[in-house]
Amino acid sequence: MNLYAKTALLACGVAVASSAITMLAVNSIDSTDSVAQSVTALFNEDGTSHSGGAFYTVANTVTPPTDFTHAAESTINGVVSIKCYSNRQQYSQGGGGQYIDPFEFFFGSPFGQQPRRQQPQQQGNEKDEVQKGLGSGVIISEDGYIVTNNHVIDGADRLEVTLNDNRIYNAKVIGTDPSTDVALLKIEENGLHVIPFGDSDKLRVGEWVLAVGNPFGFTSTVTTGIVSAKARGMQSAPHNGRMGIESYIQTDAAVNPGNSGGALVNINGELIGINTAIYSQTGNYAGCSFAIPATIVTKIVTDLRQYGTVQRAILGIAFTELTPQMAKEKNITATNDGILVGEVMDQSAAMEAGIKANDIIIAINNVPTHNTAQLQGEISKYRPGDKITLKYVRDNKVASTSVTLRNNQGTTKVTQAGNISALGCAFAQLTDKEKKEYQLASGLKVSGLKDGKFKEAGIKNGFIVLDINNMRVRTQDDVEKIYDAIMKSNDTDKVMFITGIYPTGRRVYYAVDLTE
């Protein structure tokens, strides 16, 4: 056999082998349920093949789930509409009978424009109140517990919850946490449809999700998208150790005014987030939506039900995010990112664990902390007294230590919900005669003083409170709102700075320590 014949025979053998391998590959594709085979011939417009031959492309693609009906049908009955009403007289004092959509304060209004104002709406024959807002909520228990956003219900005098079957209830606020923008409500009903909690930690970028809510008042609206990012933060400034929530699930599911507090669910119909914010220059959906992860919501709701307030753990550090430029300046070679400790607070969990300034925290319980959002997302899952393992870099060497988390008072004690009764007094509004006598437009007179925070600070019966923390007080409700705001804040020092006078005309200033 000559050389030409041998070469031709070899070429034929290669072609046959190649065809066999291709056929095996195609058969393998056919036998796999999750893989789709696409074979396309390239033909002329008249249907004939090019030069009597054909070119084929064989593509292996994973077929994504495109049927969202199960997730939608299993969740729409677990999402409610929440209407917020305020006293008409109070509202007219603040805005002349108009209200500002609270969505725009949290979600953003057009740059350089004033938030839109809408005309108040009356509810039935109740002429003494106006509707101030609209949002969504998620039923999390058969006996009527509902989770929503704090900004949805903040400042409302009455909350009206409407189920998907149009049943209407008045709701009671069980607890709120402005730091995470979570609120827990309760209606008196049983046998309600519940959306089960899923594990938001197991979410993957690119996974399908559905947003369920009431945008613009259109009830039972479902939109779809994918997880665009996890542990997304929306701030980049240095942090002083106060831990709120800056660890969101970012999606491209359409979210608009009225969606606030609604459900973000996975393809199985499990709750994996509470829709909270969007990034927008117009106040309406522009492609980026943000939800509070279900793992954080679960912890917050459990605390509110069990303790009446959130048990918030802190490390006790001031920090910033490490950048490649900072790493180069500080000659850090072991990592290019992480949480750079700037200062360790006295009597803090971090100090007890031996953390020092310039350490770089890179993981908590083996979960990476590349940025602030990841650090806050992990810490927010724990309570004071819980132990975590902190991995950090010091002098370009990786080390780890066990940390027992503390509260903002530097202890591991359970924090109980605050109550204005802890002040130990009653308040009475000044009469017209007293206003004229003391030449005051308003004020609250302290009476019935007993053991409590006011007495400890040196305040006596007859003292007239004019303002607290630079806010004018006219009614006991004003005092309660200020007290609640102080107790729910993340500030280490919880203090009422009070300005007032005694009937003699002597002006006095007091600092009332509200910590236990």
Side-chain angles (χ1 to χ4, degrees), residues 80-109 114-123 126-137 146-162 169-187 213-214 217 244-245 257-262 274-277 283 292 300 304 308-310 417-420 442 444 467-490:
V80 303
S81 172
I82 301 175
K83 293 180 181 179
C84 307
Y85 294 93
S86 287
N87 181 276
R88 178 179 292 275
Q89 181 178 359
Q90 293 178 352
Y91 232 73
S92 63
Q93 291 175 354
Q98 294 180 322
Y99 77 94
I100 300 173
D101 184 355
F103 182 98
E104 294 194 53
F105 279 110
F106 197 83
F107 289 64
S109 56
Q114 294 296 320
R116 295 189 300 270
R117 293 180 179 268
Q118 303 179 11
Q119 292 298 323
Q121 303 177 26
Q122 291 188 18
Q123 173 66 13
E126 300 185 33
K127 298 181 180 180
D128 59 336
E129 63 180 16
V130 294
Q131 183 180 331
K132 75 179 284 283
L134 173 69
S136 303
I146 296 170
V147 65
T148 185
N149 287 144
N150 178 68
H151 78 266
V152 168
I153 58 97
D154 188 36
D157 295 317
R158 185 172 71 88
L159 298 173
E160 183 181 276
V161 169
T162 304
Y169 304 84
N170 285 327
K172 178 175 66 175
V173 178
I174 300 300
T176 63
D177 183 40
S179 294
T180 55
D181 197 29
V182 172
L184 182 63
L185 312 180
K186 179 73 166 62
I187 61 174
N214 305 283
I245 168 66
N259 272 114
S260 296
I274 297 296
N275 294 314
T276 298
I292 306 169
I300 298 300
L304 292 176
T309 188
V310 177
N419 190 300
I420 194 174
S442 62
L444 292 176
D467 63 68
I468 301 175
N469 291 9
N470 294 319
M471 289 180 279
R472 192 76 176 184
V473 292
R474 295 176 173 81
T475 66
Q476 181 164 320
D477 285 345
D478 294 337
V479 179
E480 290 181 358
K481 289 178 180 178
I482 295 172
Y483 178 88
D484 289 342
I486 294 172
M487 297 305 292
K488 291 176 181 177
S489 73
N490 293 329

Where do [X] and [Y] come nearest, in terms of heavy atoms and distance?
X: Ser81; Y: Leu134; value: OG-CD1, 3.5 Å
X: Glu480; Y: Ile420; value: CG-CD1, 3.2 Å
X: Val152; Y: Cys84; value: O-SG, 2.9 Å
X: Lys132; Y: Ser86; value: CD-OG, 2.9 Å

What's the spacing between [X] [atom1] and [Y] [atom2] if we round to 0.5 Å?
X: Leu444; Y: Ile468; atom1: CG; atom2: CD1; answer: 7.5 Å
X: Ile300; Y: Asp177; atom1: CD1; atom2: CG; answer: 4.5 Å
X: Leu159; Y: Leu185; atom1: CG; atom2: CG; answer: 6.0 Å
X: Ile82; Y: Ser260; atom1: CD1; atom2: OG; answer: 10.0 Å

Name all residues meeting the side chain to side chain donor-acceptor pair (under 3.5 Å) criterion together with [X]; count only those two or more places apart in sequence or in a different chain, and write none if there are none.
X: Thr148; result: none
X: Asn170; result: Arg158
X: Ser442; result: Arg472
X: Ser136; result: Asn214

### Query
Which one of Thr180, Asn149, Asn150 satisfies the side-chain hydrogen bond (donor to acceptor under 3.5 Å, both in side chains) criterion with Thr276?
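Option passing the side-chain hydrogen bond (donor to acceptor under 3.5 Å, both in side chains) with Thr276: Asn149.
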#### Entry: Test side-chain contact (heavy atoms from CB on, under 4.5 Å) applied to Leu184 - qualifying residues, sequence neighbours left out
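By the side-chain contact (heavy atoms from CB on, under 4.5 Å) rule, Leu184 matches Ile140, Tyr145, Ile174, Val301, Leu304, Arg305.
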### Task
Not counting sequence neighbours, which residues clear side-chain contact (heavy atoms from CB on, under 4.5 Å) with Asp478? List them please.
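Listed in chain order: Val473, Arg474, Thr475.
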### Message
Let's go through Ile274 and Val182 carefully: what are the C-alpha distance in whole Å and the side-chain angles of both, what is the deciding distance for side chain to side chain contact (heavy atoms under 4.5 Å, CB included) to 0.1 Å, and is it a yes or a no?
### Response
CA-CA 9 Å; Ile274 297 296; Val182 172; over 6 Å; no
### Query
Between Met471 and Ile482, is a side chain to side chain contact (heavy atoms under 4.5 Å, CB included) present by the stated rule, with each step listed?
CA-CA 8 Å; Met471 289 180 279; Ile482 295 172; 3.9 Å; yes
### Query
Can you find a heavy atom in the side chain of Asp484 that is under 4.5 Å from one in the side chain of Thr176?
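Not touching, per the 4.5 Å side-chain cut-off.
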